[in-house]
Amino acid sequence: MSFARAGLRTLRSLPSNQIYRSSTLLNQRRLISDEARKLIDNAVQTNPLVVFMKGTPESPQCGFSRAVCQILDVQGVPREKIVSYNCLEDQELRSAIKEYSEWPTIPQVYIKGEFVGGCDIVLGMHQSGELENLLIKEGLAPPLPEAEPAPKA
């Protein structure tokens, strides 16, 4: 049996939703321009903390972007360590970042080149303490000072 026929037989045996998802992902990868992919790759690989958001950390333009900025602020991340991209100013970036991460919403947070998630995931990590540990480990937030023991009376 030829290689092409074997591949076709394998393709036919896959569930149709898996074929649809695979072909959709391949098509999406083609939709990102080389320039946009290079910009995103460069941003997430060269900066320790990147937030693709609506607005800026100083002036978020949506509640979810505001929540992510507030969480980072509560965690003690200095604003100068946050590299942000306003997706409202660049429609190509707005659609490309969703395809790049295969995540449908904005904001999107990247730490040391890895996609962390959007607002819900960042909030969950914040509540569990996982975000604090990650930020401290990567040198993006200062560790909390050790609590002094209570004086004995």
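One-based numbering along the sequence shown.
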Output for pair (Q45 CD, K38 NZ), nearest 0.5 Å, gives 14.0 Å

With C69 via side-chain contact (heavy atoms from CB on, under 4.5 Å) - residues at least two apart
M53, P57

Under 3.5 Å: donor-acceptor pair, side chain of N47, backbone of A43
yes

Can you list the steps and then say if V83 with V51 is a side-chain contact (heavy atoms from CB on, under 4.5 Å)?
CA-CA 6 Å; V83 175; V51 181; over 6 Å; no

Closest heavy-atom contact between V68 and C119?
CG2-CA, 3.8 Å

Name all residues meeting the side-chain contact (heavy atoms from CB on, under 4.5 Å) criterion together with S59; count only those two or more places apart in sequence or in a different chain, and write none if there are none.
T56, Q61

Which atom pair, heavy atoms only, marks the closest approach of I136 to P143?
CD1-CA, 3.7 Å

dist F52:CZ -> N86:CG (nearest 0.5 Å) comes out at 11.5 Å

Distance-minimising heavy-atom pair for I32 and A96
CD1-O, 3.6 Å

Contacts of F115 meeting side-chain contact (heavy atoms from CB on, under 4.5 Å) (sequence neighbours excluded), chain-then-number -> S101, W103, Q108, Y110

Scan for salt bridge (Lys or Arg N to Asp or Glu O under 4.0 Å) pairs involving residues 48-77, sequence neighbours excluded, and state none if there are none.
none

Could you give the distance from CG (L93) to NZ (K98), rounded to the nearest 0.5 Å?
10.5 Å

Residue pair Y85, V50: steps toward the side-chain contact (heavy atoms from CB on, under 4.5 Å) verdict
CA-CA 8 Å; Y85 290 85; V50 181; 3.9 Å; yes

Closest heavy-atom contact between V122 and G117?
CG2-O, 4.2 Å

Contact list for residues 81-96, test salt bridge (Lys or Arg N to Asp or Glu O under 4.0 Å), sequence neighbours left out
none

Which heavy-atom pair separates G76 from P142 by the least distance, and what is that distance?
O-CD, 3.4 Å

Quick one: do the H126 and Q75 side chains pair a donor with an acceptor below 3.5 Å?
yes

Indicate, with yes or no, if F64 and L131 share a hydrophobic cluster defined by side-chain heavy-atom contacts under 4.5 Å among Ile, Leu, Val, Met, Phe, Trp and Tyr.
no

Mind checking the CD1-CG spacing from I111 to L72? Nearest 0.5 Å is all I need.
7.5 Å

In chain order, what residues pass the salt bridge (charged side-chain N to carboxylate O under 4.0 Å, His left out) check against E138, with sequence neighbours excluded?
K112

I40 CD1 to E35 CD distance, which is reported to the nearest 0.5 Å:
11.0 Å

Would you give the length of the straight line joining atom OG of S65 to atom CG of L88, rounded to the nearest 0.5 angstrom?
7.5 Å

